[in-house]
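Report on the structure given below.
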Amino acid sequence: MRTSATSLLLLSLFVFGRGWSAENDPATAPQVPMFKLPPAEDQPEGAKFSQSELAYVQSWIRQLSPEFPVVDSGSVAQKFLEELQQRRPDLLRQLLTPEFPSGKYASMLLRQVGLKLSGPTQGALREEIAQRRVGVLLVAGGQDKKTAEVGAAGLIKKIRENSPVQYRRLMEGRVEDEDLESLLRKAGQPELVKKDPVPEKPKVLSAADIVSEFSRRNQSGAALQKLQAYVVTGRLKSAEKEEMEILYFKMRPNLFRLVVRVGGITRYILANDGQRFWQQAPGKPAMIITPEAMGQRRYLAEFMDPLFAGGGYVYERLADGEMNEKKIYRISVRRTDGSGYVACLDQENYRELARENEDKSVTRYSDFREIGGVTYAFREESADASGQKGVLELSRITPNAGLIRAFFVPSSDKDPGYFALEKILATAEAMPANKIN
Amino acid sequence: MKNLSPAPEPNRVLRKLALYGLIGLVSCYVLVVAAGYSWLRYARKNTSVSVVDVALFRVTAVRRSIAAQQFAKAKEAWEAKNYQAAFLAYSFAVQQDPANILGRLEAADFLRTIGADKLAIVQLEVGLTRTPQDQRLIKKTFDALTGAGRDRQALELLHRLYGEKLAGEQGPMLQNFKVLATLNAEGGEAAKKLLANFPELAGYPPAIPVIARIYRETAERLKASDLLEKYIVSQPARMEDYALLATWQEADGRPDRAMETARLSWAKFPKDLTARVLLLEMTAVNSVAAIPAQSDIESYLHDFADRPEVITQLATLCGRKGWMAQARTLYELGAVRQSDIGLLALAFGDALVRNNRIREAAEILGHIEAQSAEASPAFLVQLRLRQVVVAAALRQSEEVREYARRLAVAMRNDTEAIERSRKYFQKVGIPEAVAELSERPVKVRAVPVKSEKPPVKS
């Protein structure tokens, strides 16, 4: 009797015990496929990773950057895994376990996300991702999350001021982690007292040299060639303290459309369709304006700063000057119609700090930022001869936004009213209670 | 002579040994059960597992209990937007309890949220392979497959799991999906032949829109409209059924009935922007000028002003209908309100094409092309499709082939998407594009074989 009970117990331990230990301990569980792979034709070419690995990275992307378009997360996951495999193939085995050091590789993933965000309308998100990436690196370096967030913003600002090229590369996800760490270390250090360089024999630069250097320093590679059109959004504070929203559309070679709005309603449109200038205000048909009547405003049709243009202008170097304790080059820029102005360029970085116009007014430029590889001033301050000031602060520049020639041509009187529809939208937005949902 | 004590009997020794062995084994057993239970109860904090479950080695019960805990944890993590943790928890839970259908469906929903649509479909397929008769899994799996344009994959799965005989309780649903996938993949005639084998489908309400589509594609136009009309009046139809019916009715020269259908859809889906656009479209079609009235556009914009897609939706309709002036005004309006106006430009181009102003449309596409160096693949597909059509209208064969090639690149060699485009070009009669897309090497479909490393959860 005793023997049979013992046998039963032994048997039960043998039979169930195996099942228990094998199936319930995840570490020793048989590698049963939980997710089977889809057919080979559905996998990206050269796919080396399982769908689970890709999906895990996609979940991670969603966590780090919920705003990132999910349709693109698959390709980013693939790139990240390729990079991880190249750098740390041993870590791939840990990927689907909680032991995987996510914090250490979050920056690498955000870099891939940044690389994917190349669209003209994704600038703000790109910046946000870059800031998050710096924050993640600071956290990995031992800082707490809150301090890191604040620190990241400060460091990015510093990088932007000190090295616009590195800033742009960071925004575009082209700085690898090791380089970024050293960049952050440099940006975090108090500014070193610059040693007096050994005085070199100064080379006398001609106007053409300066203009060429301006063109080189204010764009990355041939970025300007790729720029076919752009949209500028900003706010203009006039001398009378009136505030207006400015939308400025430009397209090669000389098309422009300036929309001036107040409270979401267009006050007027001023444009050039390539051959003639026209203006339109609410309730009125479009009116053709002669170039003479346009005055200085006709130069709004210049697609880019004349210093970028190369041909079609005559440049002359004037006596250097000083502005805000900075040494400046002064270049006279003369157009084919005889009009012109004096461009004041910072001798150190070739930013255009100001323009001295023929009517004695001066426009000062500041807050330089690089968008799509081209440097723009996000703040313009104009003062006329009598001292009246106006400030234009840009909030966004969208390169290659999808502009078409027809947009610069005045609409026919038969067209449904742009002004009326705009008013409807503005009114409806101001009264959310009236909405259907 | 020594008085020797008797030697112990060999049986006694054995009995003693057996007793000690038994005591040892029982102790081990108790120890193992206690350790297992303590680990589950205190380390894994699983309160639903009882000592009896562990003591009796109820493996399935314990695994289910662990999985249920993980499913709950995953849901919690998902709600807290901790997607990484949610992914690991769902993966582990599905692995522990593969028979938990609700959990699997939830995991599939989660996967779609993070953009892992392929894995979601795979997971649904695996679930369906385990429990082929589960209605929820059948619906979700085949909806996902046919919705993503993977009709051939759907047909293969149907064949693999159910063979040719689609009978039983879920028979009509399976038959319906088979007919739908055949209609999408092989066209109306093939679907009609198949439909003849499934007479009971006529009495299965969800199949009515599919049957109506078959009639439509096999030149029984009025029969199709009438059938779908009866369906939307008597059944809880979807918005797309209303839109389809109204479009058919309008194309058949019955604008008044199309108007009625649009009104019905608007009454049923008063918050749906597409229902309102449909109503606006049919109102315009019924008007003398055959263009939307300014007041209707104003009313639409007023009611949906807070929706980011309000302008794009209407502009798309204007492009489709050829309402140039409206498309242009909406482009102007969009330009001052949204940063991405590429789609509005394409809509204006569509309106020009509808009015046979092909060269102007080509110019617009040229402008967009010059500005699309960094455009998304989805936008590029839209652009390339139009470029092929416009180049064909201008009889530029070389350009047609070039744009068709670029279209395939934008589609990233997605064979099913390319096949759909090929069929579209075949339908509209652009042989150069059809030839270009047909020449692409088609990869051989492989049966899923590669095993996956399952995520490990500690």
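To find a chain, count down the sequence lines: A is the first, B the second, and so on, and within it residues start at 1. Just so you know, these numbers use all the heavy atoms, side chains as well, and skip hydrogens, waters and symmetry mates.
No part of B:R112 comes within reach of chain A, as not one of its non-hydrogen atoms sits under 4.5 angstrom from that chain. When heavy atoms are compared at a cutoff of 4.5 Å, B:A370 approaches chain A by way of both its backbone and its side chain. With a 4.5 angstrom heavy-atom cutoff, A:L247 touches chain B only via side-chain atoms. With a threshold of 4.5 angstrom between heavy atoms, B:F348 approaches chain A through side-chain atoms but not through N, CA, C or O. Both the backbone and the side chain of A:L403 come within contact range of chain B, judged by heavy atoms closer than 4.5 Å. Interface residue B:I311: only side-chain heavy atoms are found under 4.5 Å from chain A. Residue A:R261 touches chain B through its side chain alone, counting heavy-atom pairs closer than 4.5 Å. For B:S372, no part lies near chain A; criterion is any non-hydrogen pair under 4.5 Å. Residue B:A335 touches chain A through both its backbone and its side chain, counting heavy-atom pairs closer than 4.5 Å. If you measure heavy-atom distances from B:E363 to chain A, the contacts under 4.5 Å come from the side chain alone. Contacts of A:V231 with chain B are absent, with no heavy-atom separation under 4.5 Å from either backbone or side chain.
The structure places CZ of B:R328 at 11.5 Å from OH of A:Y418, a figure rounded to the nearest 0.5 Å. Between the CD1 atom of B:I364 and the CZ atom of A:R405 there is a distance of 11.0 Å, given to the nearest 0.5 Å. For the atom pair B:N82 CG and A:R62 CZ, the distance stands at 13.0 Å (nearest 0.5 Å). Rounding to the nearest 0.5 angstrom, the gap separating the CG atom in A:L54 from the CG atom in B:L119 is 9.0 Å. In this structure, A:T266 OG1 and B:E332 CD are separated by 9.5 Å, a value rounded to the nearest 0.5 Å. The CD1 atom of A:I424 lies 8.5 Å from the OG atom of B:S299; values are rounded to the nearest 0.5 Å.
Between the side chain of A:Q228 and the backbone N or O of B:Q371, no donor-acceptor pair lies under 3.5 Å. A:Q63 contributes a side-chain N or O that, together with a main-chain N or O of B:Y83, makes up a donor-acceptor pair within less than 3.5 Å.
When every heavy atom of B:G115 is checked against every heavy atom of A:Q58, the shortest pair comes out as O-NE2, 3.0 Å. What you find for A:G417 and B:Q294 is that their closest heavy atoms are N-NE2, 3.6 Å. The shortest heavy-atom contact between A:A55 and B:I114 is O-CD1, 3.4 Å. Residues B:I368 and A:G402 come closest through the heavy atom pair CD1-O, 3.9 Å. Between A:I404 and B:A345, the closest heavy-atom pair is CG2-CB, 4.0 Å.
Among residues two or more places apart in sequence or in another chain, the ring pair (Phe, Tyr, Trp, His ring centres under 6.0 Å) test is passed with A:W60 by A:F80, A:F100. Legend: residues meeting side-chain contact (heavy atoms from CB on, under 4.5 Å) with B:A35, ordered by chain and number and at least two apart, are absent.
Interface remark: of the candidates B:I341, B:V336, B:D117, B:V336 forms the most heavy-atom pairs closer than 4.5 Å to chain A. Comparing A:A420, A:A229, A:G372, A:A406 by heavy-atom pairs within less than 4.5 Å of chain B, the highest count is held by A:A406.
B:E298 has no carboxylate O lying under 4.0 Å from a charged side-chain N of A:K423, or vice versa, which leaves the two without a salt bridge.
Classified by interplanar angle (parallel below 30°, tilted 30° to 60°, perpendicular above 60°), the ring pair B:Y331/A:F407 is perpendicular.
Here the side chains of B:T113 and A:V70 are not in contact, with every heavy-atom distance at 4.5 Å or above.
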